[in-house]
Each structure stands twice: as structure tokens, then as C-alpha cells.
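A quick write-up on the structure given underneath.
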Amino acid sequence: MRLPYRYLLIVIAIFVSKMAFAQQPDVDFQLSNTLLSGKSILKIKRDFNDPYLWVLAKKNEVYRVNILTLNIDDFTPQFAQFNNLQFIDIAGCNKDTAYVATNSTNVISYNSGSFSMIGAADGLVDTVNSIGFSFYSSPNVLHIGTTKGNGEYNPKGNTLLYNTFGTLTDDRIYEASYRNFIAKADSYDANRPTLIPFIVYGAGNGALLEILPIKQSGNNIITAFTALQSLVSPAGTYNSSIFWGNENGFFEEAETQSPNNLGIFNYYLPGIKVNKITDIFGLTSLGNPNTIAIPKYTFTKQNLLIGTDNGFYYSSSIYGKYKANLLRDYSLFHYDLLGNVHVNDICVNSNVNQLSDLPQACESGVWLACDNGLYLLIPDYAKYFDPKQQLNTLICNNLSYGDTTSTIKICKGDTAHFLIDMSTKTVNTFQWVKDGVNIAGQTGFDFATTHPGDYNVIIYSPCENIHAETNHFKVQVISAPVFSFNYPDKLQYCDSTQTTLKTDQNPQYHYR
């Protein structure tokens with residue numbers, strides 16, 4: 001029997017979804033803590049100016065969590081005066097300043113116990129659907145998404161710049177953190193209404209990225225995310241992956257595909273509602289994550305985090321992994337420990353607030369906002385990390401740059417100079433090693449020696465309890481050559497006036 005075309009698409013989608021689980025993961029997650037147990041948590045936002053997480057739960061409950069001590073402050077009584085409104089989103093600027101979006105034309109502003117309202121008087125005239133602080137693109141500016149436009153509120157000047165694009169925009173803030181800002185902008189194109197063009201402001205180069213949802217996606221988009229070919233791509237470069245999710249599943253397209261066709265896509269989790277897509281970086285201190293991934297220079301991991309109505313999913317690392325069609329090469333895995341609990345929102349911990357500081361950052365935890373509480377997961381890369389892998393970042397100044405010759409010959413008394421080329425700021429601990437034995441006191445970024453031996457460095461990551469070994473250099477010390485001159489007792493020379501050799505019994509210099 002020949003299946004109708006629409007059924008064939010469903011079969012293909014299911015097959016692709018199951019194939020997604022064929023590969024092995026490269027990170028595990030350990031459940032560290034459960035907070036606000038029994039509460040239905042709607043939204044969570046990390047405050048990257050200081051160590052606080054702002055939490056919005058059902059029934060207009062507002063909490064602040066210290067991510068270091070895990071102490072919880074309940075702000076619900078203070079916000080109770082606004083219970084005539086429905087709270088839908090939250091964003092914190094710092095410990096004492098937070099904003100709550102309501103399902104109206106109002107955003108509640110809280111500052112050290114005082115409240116004010118951002119609304120019609122400020123020019124906010126459309127229904128709010130999302131808010132977020134973009135610490136990366138516009139530091140300490142509150143972005144507001146509405147049904148007909150978007151706004152930027154400056155807390156310092158209490159000023160709102162509001163842009164209205166029309167009747168079909170439905171602008172939204174999907175991601176706002178210290179390294180990403182992803183938001184839907186003017187999304188209507190009368191020339192291609194069936195494709196539902198979808199503009200996203202991408203992290204890194206600030207370029208406009210266009211999503212072209214496929215038929216299986218449907219018109220609704222609940223969450224969206226972009227991942228560049230490297231963490232920070234030069235302006236004008238592309239090869240970004242665009243992910244989005246809704247009630248029909250999880251989707252990906254390559255940004256470089258032609259806008260005039262539906263393109264090639266990945267389709268995972270068919271029929272599972274996807275509420276949030278973000279990512280987490282790991283092992284960033286063991287190399288430079290700001291360049292296109294070259295395995296010999298970095299062990300960087302970038303794992304997708306996906307919150308659904310069927311539990312928490314995560315991917316194998318997508319960093320630098322492309323198929324021929326420019327889609328990422330990865331697999332998805334379900335986190336069975338939490339079962340099929342609804343995951344409404346996800347936020348990642350970091351100990352820095354600047355994109356440029358990522359190489360010395362520890363993205364050390366994942367917060368999950370679930371229907372039955374707030375969970376903290378800790379990423380674990382050690383299980384899948386092979387300590388025999390070598391990070392080829394040890395260079396020798398005695399050689400031309402890039403020369404990977406493993407044996408260096410120096411004369412006795414000369415010095416071999418070594419340097420760890422991490423190409424970025426780092427907070428690692430280094431230990432220099434000779435012939436497999438740690439060199440006492442040698443923990444700096446460079447090292448010099450006059451002695452023969454096999455040299456390398458052990459690099460200890462401060463975040464993931466992992467150490468990596470660099471490439472080796474073997475130093476050989478060669479004794480300086482000894483020159484000796486053995487003059488004969490008799491000197492023979494040729495006299496130009498004679499045809500035979502003459503011999504002096506007492507040789508002297510002869511010249512003409």
C-alpha cells in the first residue's frame with residue numbers, strides 16, 4: 001500500500017527523531033538542589049551584575065535566589081498590590097532592581113522597596129508579552145516585547161523608546177543574557193505570507209537572521225535561539241544555526257540557505273511542546289572559544305538545553321560541528337531523573353557578566369523552571385573526557401611559530417624557551433612536567449630550561465574538575481664541537497719553476 005504524502009512526512013519525522021538518540025552524549029547533568037518545591041515556576045532570569053536569580057511563579061509569586069548561598073527572599077507580599085494584573089515575565093537588573101511584565105500595557109518596576117509603573121504615560125500602548133535585560137547588546141537596558149512592537153527602557157533616565165511596526169508583528173524577547181540577545185522583530189512580509197518570515201537579532205555580530213518555518217513547524221513560535229559558527233563571528237559572516245520550538249517540536253535550519261525555499265532542516269521531538277531553547281558552554285578555559293573550533297586548540301563544548309512539556313532534553317556538543325548542508329551535527333538526550341515534568345524556562349549560571357570574559361567564565365549550573373519546583377543541575381564533562389587527549393598549545397620560541405617539531409636541539413649552555421599559547425585570557429592552573437614528573441614551583445605561563453628531557457604542561461580547568469595534557473617537546477643538549485688542527489712535521493709544496501714536490505725538513509711559510 002502506498003502511503004499518502006502527508007503520512008510519509010510523519011514517518012520521516014519520527015525516523016529522524018529516533019535517529020537523534022543514536023549517538024553518545026559528551027556531558028552529564030547532576031541534580032544539585034531543588035528549591036521552591038511544589039511551586040509552579042513560570043520564568044527565571046539570571047542577574048549577571050551580581051549573583052542573583054529572579055523567579056516568577058504562578059499566582060503572581062516573586063522570589064529572589066542567591067545562587068551562591070541558595071537563600072530565597074520572598075517578594076510576593078510586596079508585589080501583592082498589583083494582583084489585579086497577571087504577571088507573565090520577570091527580569092532583574094541587580095539585587096535591588098527587578099521588572100515584572102504583566103498581561104497588559106504595563107511593566108512593574110521595583111527598586112529597593114519602591115514601585116513604579118511603565119505604561120501608557122511612557123508610550124507603552126500595546127500588550128506586553130516578554131521582557132529581558134540584554135547585558136551583551138545593550139548593557140542594563142530593559143527590552144520589552146509587545147503584540148505590535150518593541151521597546152527599550154533605560155532605568156537610569158526612566159526613558160522608553162518604543163517602536164511600533166504594525167498589526168502583525170508580535171515582537172518577543174526570547175533570550176537576553178550576558179552573551180546572547182535574541183528577539184523577534186518586524187515579522188510580516190506581504191510577498192511571502194505562507195513562509196511566515198521571522199527575523200531574529202543574533203548574538204555575536206548583530207546581523208539579522210531570518211527563520212523560514214517549515215510546514216511541520218506551524219505559524220506559532222514559542223522559543224527561538226541562534227548559534228554562530230563560533231561564539232563571536234566577525235561582522236558580515238554567517239553560517240549560523242537557527243533553532244526554534246513550539247507545540248509541534250524542535251526545529252533547526254542553517255541561516256545561509258536561500259530565503260526562497262524551505263531549505264534543509266532538522267526536526268526533532270515531533271508532537272512535544274518546546275518551551276525554551278538555550279545553550280551552555282563548557283571547557284572554555286582549555287582553549288579559545290572565540291574562534292572557529294580547531295580540535296588541537298580547544299576542547300570547547302556547546303550543548304543545547306531544551307525545556308519541554310515532556311521534560312528536559314540536552315544535546316551533544318554542537319560547537320564547530322557542521323554537516324555538508326551547514327546544519328549542526330548533534331544528538332538529543334532526555335534527562336530521565338526528572339521524568340516528564342513540564343520545563344517552562346531555563347537559565348544558565350555564569351560567574352562573569354561580559355562576553356569577552358567567557359574564556360575565564362564558569363557556566364557552572366543550569367536552572368530549570370518546572371511545574372513542581374526550581375531545579376539546579378550541574379554539568380559534568382569529566383565522564384566523557386579522555387585525559388589522554390593532548391591540547392596542542394605548547395610552543396617553543398626556539399622554533400618558528402607553528403613549527404610542531406617535537407625535538408629541539410640546543411647547545412650546552414643555551415636555553416629552550418616554552419610558552420603556553422592559549423590565545424586568550426585564562427584562569428587555569430598550570431603545572432610544568434619533565435620526564436613525567438612535576439617540576440616543583442613551575443606553574444607559570446612560560447618556562448625556560450637548559451637541561452635535556454621530555455617537557456609538557458598539565459592544564460587544570462577551574463570549572464569542571466578536569467585536567468588536560470599539552471603536546472610534548474623533547475630537548476636534546478648537544479656538546480659544543482671541539483676543533484683540532486694537526487700540522488705535519490714536513491711541509492710539501494710545489495715550486496712553479498720545478499715539476500717535482502720539494503720537502504722542507506723545517507717547514508716555513510712559503511709564498512711568492
Side-chain angles (χ1 to χ4, degrees), residues 29-47 50-104 107-108 110 113 115 128-133 173-177 222-223 272-278 305-314 334-349 364-378:
F29 291 92
Q30 308 297 328
L31 179 58
S32 175
N33 281 282
T34 302
L35 307 179
L36 300 173
S37 183
K39 300 285 186 181
S40 181
I41 312 300
L42 302 177
K43 296 289 183 179
I44 47 177
K45 298 285 179 64
R46 253 308 311 275
D47 165 15
D50 47 33
Y52 287 91
L53 175 78
W54 286 91
V55 180
L56 175 64
K58 277 187 177 180
K59 301 179 181 179
N60 287 359
E61 296 179 355
V62 176
Y63 303 92
R64 184 185 65 190
V65 178
N66 185 316
I67 66 169
L68 302 178
T69 65
L70 299 185
N71 288 337
I72 301 174
D73 297 309
D74 186 358
F75 285 80
T76 305
Q78 299 183 55
F79 279 86
Q81 59 184 297
F82 302 102
N83 277 345
N84 60 310
L85 302 171
Q86 180 185 353
F87 298 178
I88 59 172
D89 204 355
I90 193 167
C93 180
N94 54 52
K95 173 185 176 183
D96 299 314
T97 305
Y99 296 83
V100 172
T102 70
N103 188 23
S104 68
V107 174
I108 303 168
Y110 169 84
F115 289 91
V128 177
N129 55 43
S130 54
I131 57 174
F133 275 96
I173 313 300
Y174 289 121
E175 182 85 350
S177 71
I222 297 173
T223 179
I272 297 176
K273 182 185 175 187
V274 176
N275 303 309
K276 177 66 177 182
I277 303 170
T278 186
L305 310 175
I306 306 166
T308 79
D309 276 4
N310 196 42
F312 172 59
Y313 291 83
Y314 59 97
H334 184 264
Y335 188 66
D336 294 335
L337 186 60
L338 293 181
N340 294 335
V341 62
H342 288 201
V343 180
N344 302 311
D345 200 6
I346 303 175
C347 190
V348 174
N349 268 344
S364 56
V366 176
W367 291 100
L368 301 180
C370 300
D371 272 358
N372 60 355
L374 178 65
Y375 296 95
L376 176 60
L377 306 183
I378 304 301

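Start at 1 with the first residue, then count along the sequence.
- Here the side chains of Val366 and Leu376 are not in contact, with every heavy-atom distance at 4.5 Å or above.
- For the atom pair CG of Leu36 and CG of Asn372, the computed distance is 11.5 Å after rounding to the nearest 0.5 Å.
- Counting all heavy atoms, side chain and backbone alike, Ala91 lies closest to Gly132 at CB-CA, 4.0 Å.
- Put simply, the side chain of Val348 does not reach to within 4.5 Å of the side chain of Arg46, judged on heavy atoms.
- Applying the side chain to side chain donor-acceptor pair (under 3.5 Å) rule to Asn129 yields the partners Asp170; only residues at least two apart in sequence or on another chain are considered.
- Phe79 and Phe75 have perpendicular rings, their planes meeting at more than 60° on a 0 to 90° scale where under 30° would count as parallel.
- With contacts defined as side-chain heavy-atom distances shorter than 4.5 Å, the pair Val343/Lys276 does not qualify.
- For the atom pair CG (Leu53) and CD1 (Ile90), the distance works out to 9.0 Å, reported to the nearest 0.5 Å.
- Listed by first and then second residue, the salt bridge (charged side-chain N to carboxylate O under 4.0 Å, His left out) pairs that reach into residues 69-90 are Lys45-Asp89, Arg64-Asp73, sequence neighbours excluded.
- Residues Val65 and Ile44 are not in side-chain contact: their nearest non-hydrogen atoms beyond the backbone lie 4.5 Å or more apart.
- For the atom pair CD1 of Ile346 and CG of Asn275, the computed distance is 9.0 Å after rounding to the nearest 0.5 Å.
- Taking the six-membered ring for Trp and thresholds of 30 and 60 degrees, Tyr99 and Phe133 have ring planes inclined between 30 and 60 degrees apart.
- Leu305 contributes atom CG, which lies 9.0 Å from atom CG of Leu377 (distance to the nearest 0.5 angstrom).
- The aromatic ring centroids of Phe312 and Tyr375 lie 6.0 Å or more from each other.
- You'll find the side chain of Ile272 reaches within 4.5 Å of the side chain of Tyr313, heavy atoms only.
- Proximity of a side-chain donor or acceptor of Thr76 to a complementary backbone N or O of Glu61 within less than 3.5 Å is not detected.
- Residues Lys43 and Phe87 fail the side-chain proximity criterion, which asks for heavy atoms closer than 4.5 Å.
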### Task
List the steps, then state whether side chain to side chain contact (heavy atoms under 4.5 Å, CB included) holds for Val100 with Leu85.
CA-CA 11 Å; Val100 172; Leu85 302 171; over 6 Å; no

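- Two residues are said to be in side-chain contact when any heavy atoms from C-beta on lie closer than 4.5 Å; Tyr335 and Leu368 fail this criterion.
- Thr223 places a side-chain N or O within donor-acceptor distance of the main-chain N or O of Ile277, the cut-off being under 3.5 Å.
- With values rounded to the nearest 0.5 angstrom, Ile67 atom CD1 is found 4.0 Å from Asn349 atom CG.
- A heavy-atom distance below 4.5 Å is not found between the side chains of Asn344 and Ile41.
- Judged purely by atom type and a 3.5 angstrom limit, His342 has no side-chain atom pairing as donor or acceptor with the backbone of Ser40.
- Residues passing the side chain to side chain donor-acceptor pair (under 3.5 Å) test with Asn94, sequence neighbours excluded: Thr97.
- Closest non-hydrogen pair, Ser130 versus Ile173, comes out as OG-N, 2.8 Å.
- Inspection of the Asn71 and Asn66 side chains reveals no N or O donor paired with an N or O acceptor under 3.5 Å.
- Annotation: the span from Tyr110 atom OH to Cys93 atom SG amounts to 13.5 Å, rounded to 0.5 Å.
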